[in-house]
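Let me begin by presenting the structure, written as structure tokens, before commenting on it.
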2 protein chains.
Amino acid sequence: MTGWQDIEAEALRRIHARAWPPGSTIPHEADLAKEFGVARATVNRALQALADAGWLDRRRKAGTRVALHPVRKATFSIPILRAEIEGADSVYGYRLLGRTLEEAPAPIAARLGVAGALLHVTALHLADGRPYAHEDRWVNVAAVPGIMAVDLAVASANEWLVTHAPFVRGDYAIGAAAADDAMAGVMGAAIGAALVTVERTTWDDTAGITAVRITFREGHWVRTVI
Amino acid sequence: MTGWQDIEAEALRRIHARAWPPGSTIPHEADLAKEFGVARATVNRALQALADAGWLDRRRKAGTRVALHPVRKATFSIPILRAEIEGADSVYGYRLLGRTLEEAPAPIAARLGVAGALLHVTALHLADGRPYAHEDRWVNVAAVPGIMAVDLAVASANEWLVTHAPFVRGDYAIGAAAADDAMAGVMGAAIGAALVTVERTTWDDTAGITAVRITFREGHWVRTVI
DNA sequence: CGCGATATTATGTCTGTACATATTAACAGA
DNA sequence: TCTGTTAATATGTACAGACATAATATCGCG
């Protein structure tokens with residue numbers, strides 16, 4: 001019982017065992033430092049980690065309280081589709097379906113905060129030669145002009161953007177959409193099948209970068225651990 | 001430029017500005033400490049936060065490298081449905097549809113690691129009197145026997161479990177399901193509508209606690225910021 | 001008893017030093 | 001030139017002490 005990670009684990013055990021019940025104030029850092037025979041800074045480090053994870057609420061002077069309802073979080077990594085497909089031991093494939101410079105629908109233009117023509121890219125991502133995800137993307141070429149020189153028949157817009165267009169904020173949503181004729185056709189799904197759909201928009205310091213809608217194959221689930 | 005948060009912000013600015021490009025090693029902590037006129041521990045604290053957020057990879061001796069592809073994470077809070085509905089300024093309502101003690105389907109029994117009868121609860125969560133989410137839940141009564149005494153006609157199983165059954169791990173998945181006759185009827189959705197479906201299973205130290213499937217109303221999206 | 005001012009105090013942060021650990025660099029020998 | 005051993009070193013951690021900040025406790029007065 002010497003390191004901050006040991007102390008973190010013991011504190012978490014006491015929370016789970018209800019020795020420190022939800023809503024209650026736990027012993028002070030100085031007291032816990034005495035109990036464990038370590039420096040106060042070491043206790044502080046351990047409790048900081050638990051607070052970051054949502055188990056504790058901490059305020060100067062007010063003390064440290066076990067969160068009443070620990071806000072449980074589910075964290076999904078936003079993978080590059082290639083990594084996701086290859087990570088499942090499948091062979092990744094990519095097919096560009098369309099690439100135009102055109103005005104985006106009003107909601108997307110509003111979201112990206114741009115007027116004028118955007119690069120519109122549609123593509124298919126394959127796993128073992130079969131459709132895995134359909135991508136429908138709008139890119140603000142004023143923000144990332146370099147993409148105009150990229151051969152999107154061989155490399156997906158996302159893979160290029162990940163390395164050339166760092167974003168400072170984004171939004172992300174998961175929904176469900178019924179496959180219409182076109183989507184059912186391109187994805188090899190039943191007409192009307194419920195497909196997981198992800199929408200993501202990213203911004204850099206000054207402008208919207210890209211808005212994308214990804215529609216996954218029938219039966220796809222987005223999974224994580226809590 | 002004195003506190004660890006200032007240093008964190010400046011480091012992040014350099015990452016975004018590509019002064020420290022992806023894959024490259026950044027200056028050593030000791031050097032940055034000299035540059036900023038602070039203690040090395042202060043630089044360490046700032047870089048730790050950036051590493052926790054995924055911007056940096058750090059190894060003893062090897063130094064600190066800007067993540068090649070920062071793994072972006074989307075973090076969703078797993079709210080109590082009442083809080084979610086009330087948080088959207090709607091009136092929360094709850095209706096118990098069914099409560100039985102019976103054997104669970106094999107996959108669920110396997111997942112919870114239990115044999116024998118489980119408490120099976122179905123319920124409807126309402127927003128402004130209209131269906132918001134349908135809940136289909138299995139509870140391992142051997143793990144949480146107290147639930148047998150709970151009047152689930154007035155309080156949802158989840159609200160009781162949150163305060164009485166802390167879990168130490170869980171899994172979480174978001175998918176899409178087409179509304180069949182029964183679901184369309186109870187949710188007031190079109191038959192065949194694509195509905196966002198969440199499945200969650202939680203375990204305590206020794207056993208599975210509960211497995212739940214929540215089907216949201218038509219048009220529901222799970223949203224967060226990156 | 002209630003309110004405002006002051007004192008106290010628990011967490012947040014910073015510093016400097018020391019030691020631990022994992023990784024890279026350097027060196028010697030085959 | 002390659003391999004194994006040793007040395008050097010950058011981050012990880014711990015300690016002790018100090019100061020800052022925000023919140024609670026205490027005290028005095030009307």
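Note on naming: letters A, B, ... go to the chains in the order of the sequence lines (proteins, then strands), and numbering restarts at 1 for each one.
- Separating the CZ atom of B:Arg59 from the P atom of D:dT13 is a distance of 14 Å, rounded to the nearest angstrom.
- Counting atom types as modelled, B:Arg40 pairs a side-chain N or O with a base atom of D:dG12 as donor and acceptor under 3.5 Å.
- Residue-to-nucleotide proximity on DNA chain C shows that, of A:Arg58 and A:Lys61, the 5′-proximal contact is made by A:Lys61.
- Heavy atoms of B:Ala41 sit under 4.0 angstrom from at least one base atom.
- The closest side-chain donor-acceptor pair between A:Asp204 and A:Thr206 falls under 3.5 angstrom.
- In this structure, A:Asp171 CG and B:Ile226 CD1 are separated by 7.0 Å, a value rounded to the nearest 0.5 Å.
- Atom-to-atom, CZ of A:Arg60 to P of D:dA22 comes out at 6 Å; the value is rounded to the nearest Å.
- Here the P atom of nucleotide D:dT11 and the CG atom of B:Leu50 are 14 Å apart, to the nearest Å.
- Residues B:Val225 and A:Tyr172 fail the side-chain proximity criterion, which asks for heavy atoms closer than 4.5 Å.
- Side chains of A:Arg137 and A:Thr210: a donor on one and an acceptor on the other come within 3.5 Å.
- Rounded to an integer number of Å, the gap from B:Leu47 CG to D:dT13 P is 13 Å.
- Aromatic pair B:Phe216/B:His134: ring centres not closer than 6.0 Å.
- Taking atom CD on B:Gln5 and atom C1' on D:dT21, their separation rounds to 13 Å, with Å as the unit.
- B:Gln48 places its CD atom 11 Å from the C1' atom of D:dT13, with the value rounded to the nearest Å.
- Within the 4.0 Å cut-off from OP1 or OP2 of D:dC15, at least one side-chain nitrogen or oxygen of A:Thr42 is found.
- Map B:Ala30 and A:Ala39 each onto its nearest nucleotide of DNA chain D; the residue landing nearer the 5' end is B:Ala30.
- Rounded to an integer number of Å, the gap from A:Asp57 CG to D:dA23 C1' is 15 Å.
- Counting heavy atoms from C-beta on, the side chains of B:Asp31 and B:Lys34 come closer than 4.5 Å.
- Between A:Leu124 and A:Glu135, every side-chain heavy-atom pair lies at or beyond the 4.5 Å cut-off.
- D:dA16 atom P lies 15 Å from atom CD of A:Glu29, rounded to whole Å.
- Protein chain B contacts DNA chain C over a range whose 5' and 3' limits, counting nucleotides with an atom under 4.0 angstrom from a non-hydrogen atom, are C:dT13 to C:dT24.
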